[in-house]
*Asks:* 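Take this structure first; my questions come after.
Numbering of ligands and ligand atoms starts at 1, following listing order.
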Amino acid sequence: MQVLSAQLDELELPLVEPFETSFGVEKRRRLLLLTLHGRSGEEGLAECVAARDPLYSSEAVETARWMLHRYLLPDLLRREVATPSEFLGRVGTLRGHPMAKAVAEMALWDLYAREHRRSLAEMLGGRKRRVEVGVSVGIQGSVPTLVQRVGDYLEDGYRRVKLKVRPGWDEEPVRAVRRAYPDLRLWVDANQAYPTSAVGAIARWASRYGVEQVEQPFAEHEVEAHALLNRGRTFRVCLDESVVDRASLDDALERRAISSLNVKPGRVGGLTVSRELAQAAAGARVPAWVGGMLETGVGRAHGVALASLPNFTLPADLSASRRYYLTEIIDRPFDLGAGSTLAVPRGPGIGVTLVDRAVAKARRRSRIFRPSGSRL
Ligand code: OSB
Ligand code: MG
């Protein structure tokens with residue numbers, strides 16, 4: 001693949017409702033959208049999951065833009081690349097910045113699949129035609145509001161709900177949701193909000209109210225506390241922020257700190273690593289599933305393609321487009337189908353294209369990159 005030019009757009013899109021987690025509230029999502037133009041005439045598209053502020057991880061829109069501008073796009077434009085993973089190898093000496101690397105790698109995957117006239121799902125080795133999904137529910141103003149919100153999602157057809165929790169918003173909302181919906185598949189996600197001294201308390205309320213999975217209660221490096229919580233459990237302990245690459249996954253597996261793996265391509269540097277992590281987890285009998293970062297339809301299409309691989313066995317955090325945004329920026333918004341599923345696009349690449357008008361409306365900045373010295 002020879003990339004002739006790259007366009008980096010910064011968009012701002014209002015969420016249908018604010019999304020509150022233990023680390024903050026998001027009302028409008030700021031995101032970078034990358035379009036690669038190949039010599040073949042095909043394009044490659046991807047979105048960067050870095051948010052406006054470095055709260056989920058150390059990356060943010062501006063660090064990702066700098067990384068792409070200063071290193072990743074010049075490398076990509078300088079010479080041809082045979083596969084997306086070859087590109088990752090080329091930029092491997094640059095430390096960190098997985099979200100910035102991931103957007104370049106994922107756009108290359110889209111381009112690669114389009115050049116082969118195959119869907120991204122097929123290209124990655126996906127088999128499923130539909131993938132099972134759930135919905136992640138932010139912290140609400142009150143417990144009754146939460147119970148109502150969960151009820152609305154169940155009515156929409158979601159069968160698995162993940163509640164965002166934090167100290168002070170845990171046992172009571174979890175108990176209320178469990179009472180209202182006795183059969184619900186109930187997960188919780190704390191985004192590192194608890195001190196390690198909370199192991200006992202979390203284990204108590206999670207088992208008592210039939211929580212199926214507890215995601216990332218402790219800080220990224222607190223592997224031992226996660227291992228402690230995972231011991232003699234009635235629920236799975238899921239890691240999200242702690243797993244940033246193969247080494248951190250192997251460490252967590254070895255120390256028995258993980259019984260479910262949230263895979264976000266943006267967090268781990270792209271689809272190639274995502275696929276490898278799910279395979280390593282499966283080898284240790286740890287199920288994997290695709291996480292979400294409030295992506296638009298572009299990131300969602302990549303996530304759905306990844307979730308179609310056999311090693312992704314738990315319902316993904318990839319909900320219908322309308323759960324996130326009033327207007328989608330892609331031509332075929334994702335709708336929730338029977339059995340709490342999304343259809344895997346079957347067209348070339350990610351199988352969706354941009355709606356120019358919607359992108360133009362959301363665009364805040366835009367820049368085109370060409371090989372240095374190019375007169376184009
Ligand atoms: O921890 O999984 C998370 C959103 C932003 C940042 C972190 C997380 C999330 C979600 C949303 O839970 C999942 C989705 O996109 O539906
Ligand atoms: Mg999470």
*Asks:* Just give me the atom name: the N, O or S atom of Glu215 closest to the Mg ion (ligand 2).
*Replies:*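 For Glu215, the N/O/S atom sitting closest to the Mg ion (ligand 2) is OE2.
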
*Asks:* Does either side chain, that of Ser260 or that of Gln213, offer a donor lying less than 3.5 Å from an acceptor on the other one?
*Replies:*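 Yes, a side-chain donor-acceptor pair sits under 3.5 Å.
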
*Asks:* Would you say ligand 1 has an N or O under 3.5 Å from any N or O of Glu241?
*Replies:*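 N/O-N/O distance under 3.5 Å: no.
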
*Asks:* Pro98 versus Val268: any side-chain heavy-atom pair under 4.5 Å?
*Replies:*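 When only atoms from C-beta onward are counted, Val268 and Pro98 do not touch, as no gap falls below 4.5 Å.
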
*Asks:* Is ligand 1 under 4.0 Å from a heavy atom in the side chain of Leu318, in the backbone, in both, or in neither?
*Replies:*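 It is neither part, as no heavy atom is under 4.0 Å.
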
*Asks:* Please work out, at 4.0 Å between heavy atoms, whether the side chain, the backbone, both, or neither of Glu215 comes within that distance of ligand 1.
*Replies:*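 Looking at Glu215 and ligand 1, just side chain atoms fall under 4.0 Å.
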
*Asks:* Output yes when a side-chain donor or acceptor of Arg28 lies under 3.5 Å from a complementary backbone atom of Leu15, and no otherwise.
*Replies:*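 No.
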
*Asks:* Where the side chain of Asn230 meets the backbone of Arg256, is there a donor-acceptor pair that is under 3.5 Å apart?
*Replies:*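 Yes, because the side chain of Asn230 sits within donor-acceptor range (under 3.5 Å) of the backbone of Arg256.
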
*Asks:* Would you call Gln216 a ligand 1 contact, heavy-atom distance under 4.0 Å?
*Replies:*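 It does not; every heavy atom stays at 4.0 Å or beyond.
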
*Asks:* For the Mg ion (ligand 2), find the closest N/O/S atom belonging to Asp189 and write down its atom name.
*Replies:*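 That would be atom OD2.
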
*Asks:* I'd like to check whether Phe19 has a polar contact with ligand 1, where a contact means an N/O of the residue lying under 3.5 Å from an N/O of the ligand.
*Replies:*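 It does not: no N or O of Phe19 is found under 3.5 Å from an N or O of ligand 1.
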
*Asks:* Which protein heavy atom lies closest to atom 15 (O) of ligand 1, and at what distance to 0.1 Å?
*Replies:*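 Protein heavy atom with the smallest distance to atom 15 (O) of ligand 1: Leu294 N, 2.9 Å.
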
*Asks:* Looking only at distance, does Phe23 have an N or O less than 3.5 Å from an N or O of ligand 1?
*Replies:*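 No; every N/O pair is 3.5 Å or more apart.
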
*Asks:* Taking Ile350's backbone N and O only, do any of them form a donor-acceptor pair with His302's side chain (distance below 3.5 Å, no angle check)?
*Replies:*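 A pair under 3.5 Å: no.
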
*Asks:* Just need the protein heavy atom nearest to atom 6 (C) of ligand 1, so name the residue and atom and give the distance.
*Replies:*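 Looking at atom 6 (C) of ligand 1, the protein heavy atom closest to it is Met293 SD, 3.5 Å.
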
*Asks:* Does ligand 1 have a heavy atom under 4.0 Å from the side chain of Val135, from its backbone, from both, or from neither?
*Replies:*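 Neither part.
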
*Asks:* Please name the residue in the list Asp110, Leu111, Thr353, Ile330 that meets the side chain to side chain contact (heavy atoms under 4.5 Å, CB included) test with Leu45.
*Replies:*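 So the option named by the test is Asp110.
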
*Asks:* Around atom 16 (O) of ligand 1, find the nearest protein heavy atom and jot down its residue, atom name and distance.
*Replies:*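 The closest heavy atom on the protein side is Tyr324 OH, 2.6 Å.
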
*Asks:* Looking only at heavy atoms of Lys162, does any of them come nearer than 4.0 Å to an atom of ligand 1?
*Replies:*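 The answer is yes: ligand 1 sits under 4.0 Å from a heavy atom of Lys162.
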
*Asks:* Number the atoms of ligand 1 from 1 as they appear, then name those within less than 4.0 Å of a heavy atom of Tyr56, with their elements.
*Replies:*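 Ligand 1 atoms under the 4.0 Å threshold to Tyr56: 7 (C).
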
*Asks:* Between Thr341 and Arg130, do the side chains contain an N or O donor and an N or O acceptor separated by less than 3.5 Å?
*Replies:*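 Their side chains do contain a donor-acceptor pair, which is all the 3.5 Å distance test asks for.
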
*Asks:* Let me know which of Val211, Asp183, Leu184 forms a side chain to side chain contact (heavy atoms under 4.5 Å, CB included) with Arg178.
*Replies:*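 Single pass found, and it is Leu184.
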
*Asks:* What protein heavy atom sits nearest atom 1 (O) of ligand 1, and how far away is it?
*Replies:*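 Atom 1 (O) of ligand 1 sits closest to the protein heavy atom Asn191 ND2, 2.8 Å.
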
*Asks:* Taking 4.0 angstrom as the limit and counting only heavy atoms of Asp317, give me the atoms of ligand 1 inside it, by number and element.
*Replies:*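 Reading through ligand 1 atom by atom, the close ones are 12 (O), 13 (C), 14 (C), 15 (O), 16 (O).
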
*Asks:* Check Asp240 and report its N/O/S atom nearest to the Mg ion (ligand 2), by atom name.
*Replies:*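 Within Asp240, restricted to N, O or S, the Mg ion (ligand 2) is closest to atom OD2.
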
*Asks:* For Lys164 and ligand 1, does the shortest N/O to N/O distance drop below 3.5 Å?
*Replies:*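 There is such a contact, yes.
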
*Asks:* Could you go through Asp317 and Lys162, starting from their C-alpha distance and side-chain angles, then the distance that decides it, and tell me whether this counts as side-chain contact (heavy atoms from CB on, under 4.5 Å)?
*Replies:* CA-CA 8 Å; Asp317 261 356; Lys162 177 172 116 177; 2.6 Å; yes

*Asks:* Any donor and acceptor pair, going by atom type alone, linking the side chain of Gln216 with main-chain N or O of Phe218 inside 3.5 Å?
*Replies:*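 Checked: pair present.
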
*Asks:* Assign the ring pair Trp205 / Tyr194 to parallel, tilted or perpendicular, where the plane angle (0 to 90°) is split at 30° and 60°.
*Replies:*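 Taking Tyr194 first and then Trp205, their aromatic rings sit tilted (interplane angle of 30° to 60°).
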
*Asks:* Would you check whether Lys264 reaches within less than 4.0 Å of ligand 1, judged by its heavy atoms?
*Replies:*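 Lys264 counts as a contact of ligand 1 under the 4.0 Å cut-off.
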
*Asks:* Among Ser319, Ser136, Gly292, which one puts a heavy atom closest to atom 9 (C) of ligand 1?
*Replies:*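 Checking each option, the heavy atom nearest atom 9 (C) of ligand 1 is found in Gly292.
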
*Asks:* Measure centre to centre between the rings of Trp66 and Tyr71, then say whether the value is under 6.0 Å.
*Replies:*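 Centroid separation for Trp66 and Tyr71: below 6.0 Å.
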
*Asks:* Inspect the contact between Arg246 and Glu276 and indicate whether a charged nitrogen and a carboxylate oxygen are less than 4.0 angstrom apart.
*Replies:*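 Here Glu276 pairs with Arg246 in a salt bridge, since their nearest N and O are under 4.0 Å apart.
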
*Asks:* Hey, is Asp240 touching ligand 1 through its side chain, its backbone, both or neither, going by heavy atoms under 4.0 Å?
*Replies:*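 Near ligand 1, Asp240 shows its side chain, while the N, CA, C and O stay back.
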
